[in-house]
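Here is the structure we will look at.
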Amino acid sequence: MIVELLQTLILLATAPLATGTVRSLKARMQGRTGPSVLQPYRDLVKLFHKSSVMSKDSSWISTITPYMCVAAVVTAALLLPVVYVGTFGLMGDLLLLIYLLAIMKFFTALAALDAGSTFGGMGSSREMFISSIVEPAMLLSIFAMALVAGTTALGGISLQVASTGLELVGPSLLLAAAAFFIAILAENARMPVDNPATHLELTMVHEAMMLEYSGKGLALMEYASMAKLLVFLTLMANMFFPWGIATSADPAALAVGLVAYLVKIGALLLAIAVIESSMAKMRLFRLPNLFTMAFILSLLAVVAYYVQGVA
Amino acid sequence: MISHMLFVSIILTSLAGAALAVMLDRRPSCLLVPYAAAALSSALAIIMSLTVLLGHEDFVLSLPTYVQRLGEFSLRVDNLSAYFLLVAAIVTMCVSAYSVGYLREYRGRYSLGRMGFLFNIFVLSLFMVFTAGNAVLFLIVWEIMSVSSYLLVMYEWRKEDSVSSGLLYLVMTHVGTAFIAAAFMLMWTQTGSFDFSSFAGIREMEEVSGSMRSAIFLLLLVGFGTKAGLVPLHIWLPRAHPAAPSNISALMSAIMVKTAVYMIVRCCFGFLGVTEVWWGLLVLLIACISALIGVLYAIVETDIKRVLAYSTVENMGIIFIGIGAAMVFQAFANEGPATSPYLGDIAALALVAALFHVMSHAMFKSLLFMGAGAVISSSHTRNIEEMGGIGRRMRYTGALFLVGALSISAIPPLNGFVGEWMLFQSLFLSQTIGDPMVNILIPAAVAALALTGAMAAACFVRLYGAVFLARPRSDHAGKAEEAPRLMLVAMLALAALCVLTGVMVTFIVPVVDDVSASLLGTSIASKMASGITLNIPGGFSYISPLALAAVFLLLLPLIYLAADRLGGPQRVVSGETWDCGTPLGPRNQYTATGHSQPLVRLFGQLVGVRTEVRETASSSPLIPERMTFRQGIEPVFERYLYEPVHRAAVALSNRIGWMQMGSVQAYLAYIFVTLLVLLVVFR
């Protein structure tokens with residue numbers, strides 16, 4: 001019980017660190033020194049001290065959205081195995097986690113429309129577009145995962161894949177992982193889907209939706225998206241490559257689990273930094289190509305499972 | 001015995017309500033009495049269906065029959081009937097209360113007596129369709145339901161749109177009825193009786209050939225598919241449902257389409273027994289297409305009630321995905337235990353998911369239609385491009401509509417999510433079937449369902465944003481006023497049910513499971529519901545909406561307090577929206593049409609969206625003097641499917657038109673000759 005709670009708290013506490021690490025890695029690759037990895041914490045603290053401006057056109061939707069977003073992402077984090085396979089899994093499985101994060105999307109997109117700003121509308125429209133077309137790839141890669149692991153329970157998948165060893169590593173798992181990774185990039189507004197560093201009116205998606213927020217509201221929204229990124233990366237690490245994760249709560253196993261987790265998350269953050277430094281943002285209407293690719297990958301993952309099973 | 005009395009009082013109360021409506025026509029009490037009768041009748045129906053569902057005892061109410069050949073006219077309430085009756089009665093009760101407040105605006109413009117009369121008859125016919133135990137009786141009450149709803153669609157008869165939509169509906173529903181009648185005839189030839197209880201024997205009858213079963217199935221699918229609004233038989237639905245007054249739209253979209261689900265389930269699983277795998281695959285295919293086409297149209301539409309009507313097409317698609325999957329699994333399970341003993345469980349799971357979504361959809365769709373009705377009454381427009389900012393003037397309606405929108409967008413832990421979750425799980429479990437066809441088609445269904453769900457969320461973000469948020473886009477939207485209290489109470493009841501049925505799913509699943517077990521013979525309730533956790537059989541997965549809701553509700557205040565403490569007290573200033581230096585007006589906002597453009601650009605070609613931009617040139621080639629933008633849906637199905645059929649029918653009628661010469665003697669001669677021929681042929 002304590003281990004489960006502790007791992008969730010670690011995840012929630014290190015979320016800004018993960019974002020800071022990506023920024024720092026990107027800066028290094030681009031030949032800049034960049035701010036410290038702790039900068040996101042400082043930004044959040046600064047924002048918490050600021051007063052905020054609410055548009056007079058906005059309604060209670062704008063007021064509750066930051067709290068809804070953080071509550072959704074914290075609940076999702078509670079479901080997730082981090083260094084140990086046990087979770088507060090009583091609440092639900094992988095599908096629930098994906099749908100919980102949809103709460104964030106739904107409310108953010110509504111709040112974006114709330115103030116009647118054109119930027120907000122644009123962001124909301126694009127966000128719903130992106131999330132619509134990435135959803136089939138997302139669900140099919142989960143389907144492939146469920147086929148491979150024989151369950152959609154989060155702890156169950158980790159345990160199954162980690163304890164079975166390398167024989168589960170087949171085309172099915174790898175293809176599904178690739179599709180899922182593309183879906184993660186889309187869900188978290190990363191390159192090449194959206195540029196998290198831009199505030200250029202015509203290209204921003206996620207930032208456009210948060211444009212009307214300031215002060216504490218903005219801090220909460222920023223924190224929610226940082227936590228969402230780490231939740232998705234943890235999901236990726238512990239579903240598709242759970243090796244090293246602690247299958248029992250004894251301290252040695254937990255220490256191994258922690259090290260393995262840090263290595264895996266580090267690798268994924270590095271992958272994101274490499275992608276963001278080497279790729280340009282795609283034009284909005286080129287995105288369906290990318291997502292169709294992800295969709296085909298996940299479909300192949302499912303097909304590969306059956307082909308292997310028959311053989 | 002008590003149930004018999006209950007049923008008789010339901011019928012009498014409704015009939016009395018109808019009669020009183022006619023008598024009270026122009027008096028103010030005509031706004032109250034007929035709906036009180038309908039609400040009372042619904043309350044009795046709720047009690048009756050609960051006694052059947054919880055007491056596990058079917059009962060039969062025999063009606064007088066004068067023609068022996070037609071079998072015994074009886075109203076039979078078994079588990080399946082009782083479940084649908086319960087869902088229907090809950091919705092009709094709320095809609096009755098809503099009607100009292102809503103119909104005020106019709107006073108003096110249209111006859112309230114007519115509305116009260118038809119409302120009661122329509123509600124009663126819905127109840128009787130769910131309980132009819134004989135094919136002929138079923139067709140009679142089915143026809144009463146169709147005609148009364150047609151007359152209700154035509155209620156605002158001064159509007160040309162209502163009349164033409166009503167006519168289209170009347171034609172389509174009768175085409176459907178013809179197919180249903182043909183299917184019943186075929187079943188009659190096999191059993192020699194019109195009673196549903198003897199139809200149920202077909203399942204066991206060896207001598208009924210596979211092709212006969214398939215023929216009956218196809219006739220039923222077309223017949224009931226028309227009522228359910230499955231693509232391509234859906235064309236009447238998005239026109240007829242919005243044309244009716246909103247309380248009737250709610251009843252039609254929430255319940256009337258479910259009569260088709262009810263009969264498909266009863267006929268396929270109860271009467272025919274699912275013998276062929278391709279039946280399920282066909283249903284699955286049609287369902288996926290319906291879901292996708294429905295949601296795509298909903299995203300383009302700018303009439304609030306048509307958005308909801310198209311979303312009904314989409315949700316019927318989702319329900320039929322569940323039914324189709326259940327049919328596929330059941331067909332494999334019927335092949336014998338050699339395949340997998342587990343398949344029966346999965347079939348039951350898919351059917352439970354479909355039936356659960358029937359309930360969810362009835363609740364959130366009636367809630368949304370009622371909310372739409374409240375908004376339309378106070379803003380005097382159905383065009384969402386002329387709304388906006390209504391959420392600040394109609395706070396309660398806005399909040400209740402949001403619950404419906406969240407539920408239909410499958411946001412946990414509301415009931416829409418729980419149904420979709422079960423459906424996804426049942427599709428995931430298809431892996432136990434070793435059939436390549438199924439193994440390819442089920443992932444396709446998963447993808448279609450995922451795309452549909454995500455686009456439904458996009459659709460409702462757009463709808464809610466355009467109607468309730470930001471600045472009013474027209475004067476009348478800026479003057480909207482909160483709906484009367486009775487309307488809000490009715491919506492509140494349904495919103496609460498949307499939350500409760502989602503959170504309390506473990507208490508509802510055993511009831512739904514009884515219903516599906518009575519058809520499939522496999523009960524999975526003991527494997528699914530344990531405490532507050534909903535399990536998927538075989539330890540595949542689990543979920544606990546109640547625990548989730550508790551955690552979520554605990555976190556919200558914690559987060560609020562934490563954010564409040566961090567960084568000390570916060571000053572909140574009210575200011576202008578960021579405007580880049582130019583003052584913002586109502587026209588600077590994103591429109592609903594604009595919001596859906598990315599999706600329209602991607603998928604619009606598929607559903608025939610036509611966009612037209614016209615520019616009036618000015619001296620500068622870059623800045624046109626005027627631009628007009630027009631976007632509409634080309635009626636693809638009407639043009640390429642219905643138009644040819646229509647032309648052929650007209651041509652054929654012209655060809656044989658000479659027979660109709662206008663002389664009574666000739667007609668009498670026709671009758672005589674026909675009678676003679678019939679007597680000779682069937683002597």
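A, B, ... follow the sequence lines: proteins, then strands. Residue 1 opens every chain.
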Has the side chain of [X] got a donor or acceptor atom that lies under 3.5 Å from a matching backbone atom of [Y]?
| X | Y | value |
| --- | --- | --- |
| B:Thr577 | A:Ala115 | yes |
| A:Thr75 | B:Phe552 | no |
| B:Arg392 | A:Ser59 | no |
| A:Glu212 | B:Trp578 | yes |

Tell me, out of [options], who's got the most heavy-atom pairs with chain A below 4.5 Å.
| options | value |
| --- | --- |
| B:Leu548, B:Val551, B:Asn588, B:Leu558 | B:Leu548 |
| B:Ala563, B:Cys580, B:Ala547 | B:Ala563 |
| B:Leu566, B:Leu427, B:Val446, B:Thr591 | B:Leu566 |
| B:Gly391, B:Gly388, B:Ala410 | B:Ala410 |
| B:Glu420, B:Met455, B:Arg471, B:Arg462 | B:Arg471 |
| B:Ala447, B:Pro443, B:Ala405, B:Pro413 | B:Pro443 |

With a 4.5 angstrom heavy-atom cut-off, which part of [X] approaches chain A: side chain, backbone, both or neither?
| X | value |
| --- | --- |
| B:Phe468 | neither |
| B:Leu534 | neither |
| B:Ala399 | both |

[X] versus [Y], closest heavy-atom pair with distance:
| X | Y | value |
| --- | --- | --- |
| B:Ala454 | A:Ser131 | CB-O, 3.9 Å |
| B:Pro412 | A:Leu96 | CB-CD1, 3.8 Å |
| B:Tyr590 | A:Thr118 | CD1-O, 3.7 Å |
| B:Ser541 | A:Ala153 | OG-N, 4.3 Å |

Which residue out of [options] racks up the most heavy-atom pairs below 4.5 Å with chain B?
| options | answer |
| --- | --- |
| A:Gly121, A:Ala109, A:Ser125, A:Gly156 | A:Ser125 |
| A:Ser124, A:Pro66, A:Gly120 | A:Ser124 |
| A:Lys105, A:Met122, A:Lys46, A:Glu135 | A:Met122 |
| A:Ala146, A:Ala149, A:Gly217 | A:Ala146 |
| A:Lys50, A:Lys216, A:His49, A:Met128 | A:Lys216 |
| A:Phe143, A:Phe48, A:Tyr67, A:Tyr223 | A:Phe143 |

Contact origin within [X] toward chain B - heavy atom pairs under 4.5 Å:
| X | result |
| --- | --- |
| A:Val53 | both |
| A:Val70 | both |
| A:Ile61 | side chain |
| A:Leu147 | both |
| A:Met68 | both |
| A:Ala144 | neither |
| A:Ser117 | both |
| A:Leu211 | side chain |
| A:Leu299 | side chain |

*After noting the C-alpha distance and the side-chain angles of A:Ile64 and B:Tyr560, does the key distance pass the side chain to side chain contact (heavy atoms under 4.5 Å, CB included) rule?*
CA-CA 10 Å; A:Ile64 63 162; B:Tyr560 178 79; over 6 Å; no
Within a strict 4.5 Å, meaning less than it, do heavy atoms of the [X] and [Y] side chains meet?
| X | Y | result |
| --- | --- | --- |
| B:Leu451 | A:Phe295 | no |
| A:Phe129 | B:Arg601 | no |
| B:Leu406 | A:Phe107 | yes |
| B:Ile543 | A:Tyr99 | no |
| A:Phe106 | B:Tyr464 | no |
| A:Ile142 | B:Phe428 | yes |

Rounded to the nearest 0.5 Å, what separation is found between the [atom1] atom of [X] and the [atom2] atom of [Y]?
| X | Y | atom1 | atom2 | answer |
| --- | --- | --- | --- | --- |
| A:Asp57 | B:Glu576 | CG | CD | 7.0 Å |
| A:Leu113 | B:Leu469 | CG | CG | 6.5 Å |
| A:Leu78 | B:Leu555 | CG | CG | 6.5 Å |

*Toward chain A: residues of residues 592-599 of chain B with heavy atoms under 4.5 Å*: B:Gly594, B:His595, B:Pro598, B:Leu599
_B:Phe540 vs A:Thr152, test: side chain to side chain contact (heavy atoms under 4.5 Å, CB included). Steps then yes/no._
CA-CA 6 Å; B:Phe540 186 72; A:Thr152 62; 3.8 Å; yes
*Is the number of heavy atoms from other residues, nucleotides or ligands within 6.0 Å of CZ (B:Arg395) greater than 12?*
no
*Excluding sequence neighbours, so at least two apart, what forms side chain to side chain donor-acceptor pair (under 3.5 Å) with B:Ser407?*
B:Asn415
*Step by step, would you call A:Asp93 with B:Gln425 a side chain to side chain contact (heavy atoms under 4.5 Å, CB included)?*
CA-CA 11 Å; A:Asp93 65 341; B:Gln425 298 293 352; 2.8 Å; yes
*Carefully, step by step, assess A:Lys56 and B:Ser574 under the rule side chain to side chain contact (heavy atoms under 4.5 Å, CB included).*
CA-CA 6 Å; A:Lys56 61 182 175 51; B:Ser574 177; 3.5 Å; yes
